[in-house]
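Below: the structure, in structure tokens.
Quantities reported herein were computed from a predicted structural model and do not represent experimental measurements. Hydrogens, waters and symmetry mates play no part in the numbers below; they use all other heavy atoms, side chains included. Lettering of chains follows the sequences in order, A, B, ..., and the numbering in each one begins at 1.
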Amino acid sequence: MDHPVASSQLTESLVKRLAGPSTGKAGLAKDQTEINRIIAEASKGSKFYENEKRKDKDLTERIARILKLRDEAIEGVDLTKIEHHVDKLIVDLENGRDLSQVIVHFDMDAFFANVELLHNPTLKGKPFSVGGGVISTASYEARKYGVRSGMPSFIAKKLCPELILLRSHYEWYNEESNKVFTILRRYDPRLSAAGCDEGYLNITPYLQKHNLNPDECVEEIRRTVHAETNLTVSAGIAPNMNKPNGQYHLAFDSKTIIDFMGGLSIRKVPGIGRVNERLLESVGVKTCGDIYTHRAVLYLMDKQFGLRFLLRTYLGIASNEVKPYERNERKSIGAERTFSPLSTTKDMLDKLEEVAAELEGDMESSGWMGRTVTLKFKLDTFQVLTRAKSLNHWVNKKEELFAVGKELLFPELPISIRLIGLRVTKLKDLKASTSEGIKRFFGLAQQATSGSKRKAYDIDEDEADNASVDQEHDNDDDVMPGFHEQDEADIDPSQHDVDDDEELQIIQPLAHTRKRPPNSVPGISMSHPPALRSRSKSAGPSRSHGAAIAAPSTTISTPPETHTCPICNEVLTTNNTGLNAHIDYCLSRDAIKQAQGTSTKANKVLSSGDTTKEYAMNGLKRLKLRPDAPVKSKRKG
DNA sequence: GCGGATCAC
DNA sequence: TATGGTGATCCGC
């Protein structure tokens, strides 16, 4: 059935991709279907759109391969037995849950837009957006029309003719961002920034010192930020969300967290983007609760879907580690630029040289050199390609970067491109091993010496990731394809004041942490917290993530050993052995009930651990599965 | 090590 | 009137 696709027959996923849900909520000035229609109309026929269609088709084929693989995998297999085994894994993970740390995720509301408001109050109440050709942030009024971050301005204008398009003022955002982070550091000097308007705080020590509970503290933080900057911030404590004005609290217990997670769309989990959402959906997993339901299949397809990551997501367990970004974590540094399609060698070289000059400036000012240079270019068809070369020495000079770039570009020639960029990896830190390194060395030595620094972690497992979500607004996010910026939350003016938005999230605390977390926190993007890249670099508001928390155990150290049975949810005060005994009992009881026809979720026992790996960065394993069907379409020009 | 992909912000 | 930029990770070669 490979009939020409009627132009009107856009797949659901594609439409979603182009517009983003935000299902018709009351209060929207425009109906979502109307919004989708306008966007589809404006996109149709463009190269960008055609490229999206191509990708969508590839994904559909990939899904077909996955389903085939699944069918082969489950054939003749006793899924019940597998479920038992997985349940055992779940118990192990549950035992590792750490509810001792109170971690808060904060996110500035419509950051760029609100900073613009500070500079121009007359914009209040009007639909406006910040950004150039592509919108970084839209005011709440603009969002009512379907305007979203990541959306090209010309489409936004169609959705909202009165839209006021503002240019970005990064200096202003940087300044405000610094103010906010400075305030937040009073509550956790080691906070972890995730961009210029978002981050995580471990307020456990602060709470103890000031004898506050999480809600009081978060309220104080939000109040202080607003008082000192006139900007509003949303925060999530554990599974917290803010309803009317801020805080809603989710109890710090396993059952509550699991129940909460259960209703969340997996798309809300960091690391699960549009592609993984579709892949998981193809095997029946739409919500975090579905992970449990389909655990046997997910187990069999661990290679495609990282079972362990998903189980932790189901349980609502994530990393508990909150620490500042460290210089030595940097892996690459690069620069790229988009322009109207160019095809003459001279034009392209001019752009390449510009990019090389910019990169040299950045490398020099930040003190890095690297041994591998990667050229990136995007064809006028929007297809992105890269070509790399490793050298015997470290480079950071424009001339050399340019030379290597040329060398990589020439063989590709004749091409027509709309973007060109250079990235350097295999870095050498020019500022390391000097005073800074010495300091760090002594710092670590001191820590090690003071041994008891706080036992903090339990066993040492591996990994650390997190999952989080937003709740309440079902889907509001998603914008245009490639850009995802994120609207922090959907606004539903009919419900609350636009001022404090909603948002909420969770983060799952987890017990063991590893020394070096693969990347626990979503993305510690830019270097230091706030720092926006000076120029027209990027940034934009966020996606919701979670932060959250942990049990407020009064005693900071090791909380009494209480565990919640993953089967019956009963809270037990016992050690692992006792817990396992209880679970065995529980499982057998469950089996009986099941035999009697009682529907139950959990099943039985398990045996040992598993060797699932996880996606270091975001969690999900690559759901690849490519028998190899290279982009059939034109292979690079 | 390289190139393609996915993801976050 | 034509859809961003920076950085990271993972997979399969």
Side-chain angles (χ1 to χ4, degrees), chain A residues 18 39 42-43 45-49 51-52 55 58-59 62 107 111 131-136 149-156 168 193-199 269-277 279 303-304 306 329-341 358-359 362 371-372 374-376 378 380 382-390 418-419 421 423 425-426 479-486 488 518-519 521-527 532-533 535-545 613-628 630-631 636:
Chain A
L18 291 169
I39 294 175
S43 302
S46 67
K47 295 224 169 124
F48 174 83
Y49 178 72
N51 187 249
E52 288 303 314
K55 290 196 291 186
D58 289 348
L59 180 55
R62 188 168 149 197
D107 188 319
F111 190 54
V134 166
I135 292 168
S136 291
S149 51
M151 180 179 282
S153 300
F154 77 94
I155 288 181
S168 302
C196 66
D197 74 328
E198 184 181 348
V269 177
I272 296 183
R274 291 190 181 80
V275 173
N276 285 322
E277 175 187 31
L279 293 178
K303 290 282 191 297
Q304 286 75 41
E329 291 173 34
R330 184 187 265 275
K331 303 281 188 298
S332 74
I333 180 168
E336 62 187 59
R337 183 156 304 179
T338 290
F339 36 76
S340 43
E358 187 175 326
L359 181 54
D362 288 351
R371 292 189 47 223
T372 298
T374 300
L375 171 74
K376 171 183 176 182
K378 186 187 288 181
D380 57 9
F382 282 86
Q383 188 171 11
V384 177
L385 302 168
T386 60
R387 295 292 179 265
K389 174 168 185 167
S390 290
R418 65 179 343 272
L419 169 151
R423 178 159 297 277
T425 51
K426 291 244 176 69
V479 187
M480 296 299 282
F483 211 133
H484 204 57
E485 198 32 338
Q486 230 40 299
E488 19 254 50
N519 212 335
V521 185
I524 291 155
S525 59
M526 346 202 111
S527 32
L532 293 191
R533 291 270 276 123
R535 270 192 265 302
S536 59
K537 308 246 174 164
S538 70
S542 54
R543 168 192 180 137
S544 22
H545 280 323
K613 289 185 211 142
E614 298 177 329
Y615 229 7
M617 175 167 154
N618 302 316
L620 235 218
K621 266 194 167 175
R622 208 163 239 290
L623 303 170
K624 232 166 168 153
L625 193 174
R626 45 152 41 185
D628 226 1
V631 196
K636 98 189 178 163

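Within the structure, every side-chain polar atom (N or O) of Asn276(A) is placed at least 4.0 Å from both OP1 and OP2 of dT6(B). For dC2(B), one of the phosphate oxygens OP1 or OP2 lies less than 4.0 angstrom from a side-chain nitrogen or oxygen of Ser390(A). OP1 or OP2 of dT3(C) has not a single side-chain nitrogen or oxygen of Lys378(A) nearer than 4.0 Å. OP1 or OP2 of dG4(B) has at least one side-chain nitrogen or oxygen of Thr386(A) nearer than 4.0 Å. Taking side-chain N and O atoms only, Arg337(A) has no distance below 4.0 Å to OP1 or OP2 of dG4(C). For dA8(C), the OP1/OP2 oxygens have no side-chain nitrogen or oxygen of Arg330(A) closer than 4.0 Å. For Arg62(A) and dT6(B), the shortest distance from a side-chain N or O to OP1 or OP2 is below 4.0 Å.
Between the CZ atom of Arg418(A) and the C1' atom of dT1(C) there is a distance of 12 Å, given to the nearest Å. The distance between atom CD1 of Ile135(A) and atom P of dT3(C), rounded to the nearest whole Å, is 14 Å. For the pair Lys426(A) NZ and dG7(C) P, the interatomic distance rounds to 17 Å; values are reported in whole Å. In this structure, Arg423(A) atom CZ and dA5(B) atom C1' are separated by 15 Å, rounded to whole Å. Rounded to an integer number of Å, the gap from Ile272(A) CD1 to dA8(B) P is 9 Å. dT6(C) atom C1' lies 12 Å from atom CG of Leu419(A), rounded to whole Å. One atom, CG of Leu359(A), and another, P of dT6(C), lie 9 Å apart when rounded to the nearest Å. At whole-Å resolution of the value, CG in Leu279(A) and C1' in dA5(B) are 12 Å apart.
Closest to the Ile333(A) side chain, of the nucleotides dG7(C), dC7(B), dC2(B), is dG7(C). Of the listed nucleotides (dG5(C), dT6(C), dT9(C)), dT9(C) has the atom at the smallest distance from the side chain of Lys331(A). Residue Ser43(A) has its side chain nearest to dT3(C) when only dG3(B), dC2(B), dT3(C) are considered. Listed nucleotides: dG5(C), dT6(C), dC7(B). Nearest to the side chain of Val275(A): dC7(B). Checking dA2(C), dT6(C), dG5(C) against the side-chain heavy atoms of Thr338(A) singles out dG5(C) as nearest.
Partner of Leu419(A) under the side chain to side chain contact (heavy atoms under 4.5 Å, CB included) criterion, out of Thr338(A), Val384(A), Asp380(A): Thr338(A) alone.
Annotation: side chain to side chain contact (heavy atoms under 4.5 Å, CB included) contacts of Phe339(A) (sequence neighbours excluded): Arg337(A), Leu342(A), Lys351(A), Ile417(A), Ile420(A). Listed by chain and residue number, Arg371(A), Thr372(A), Ser390(A) satisfy the side chain to side chain contact (heavy atoms under 4.5 Å, CB included) test with Lys426(A) (two or more places apart in sequence, or in another chain).
The gap from the P atom of dT3(C) to that of dA8(B) amounts to 24 Å, rounded to the nearest Å.
With hydrogens and angles ignored, no donor-acceptor pair under 3.5 angstrom links the side chain of Ser332(A) to the base of dT6(C).
Within the 4.0 angstrom heavy-atom criterion, no nucleotide atom of any strand lies near Thr374(A).
Mapping Phe382(A) and Lys376(A) onto DNA chain C by nearest heavy atom places Phe382(A) at the nucleotide closer to the 5' end. In terms of position on DNA chain B, the residue among Lys389(A) and Leu59(A) whose nearest nucleotide sits closer to the 5' end is Lys389(A).
Panel note: side chain Ser153(A), backbone Gly132(A); a donor-acceptor pair is recorded below 3.5 Å.
Classification of Lys55(A) and Glu52(A) as a salt-bridged pair holds, one side-chain N sitting under 4.0 Å from a carboxylate O.
For the pair Ile39(A) and Met151(A), the minimum side-chain heavy-atom distance is below 4.5 Å.
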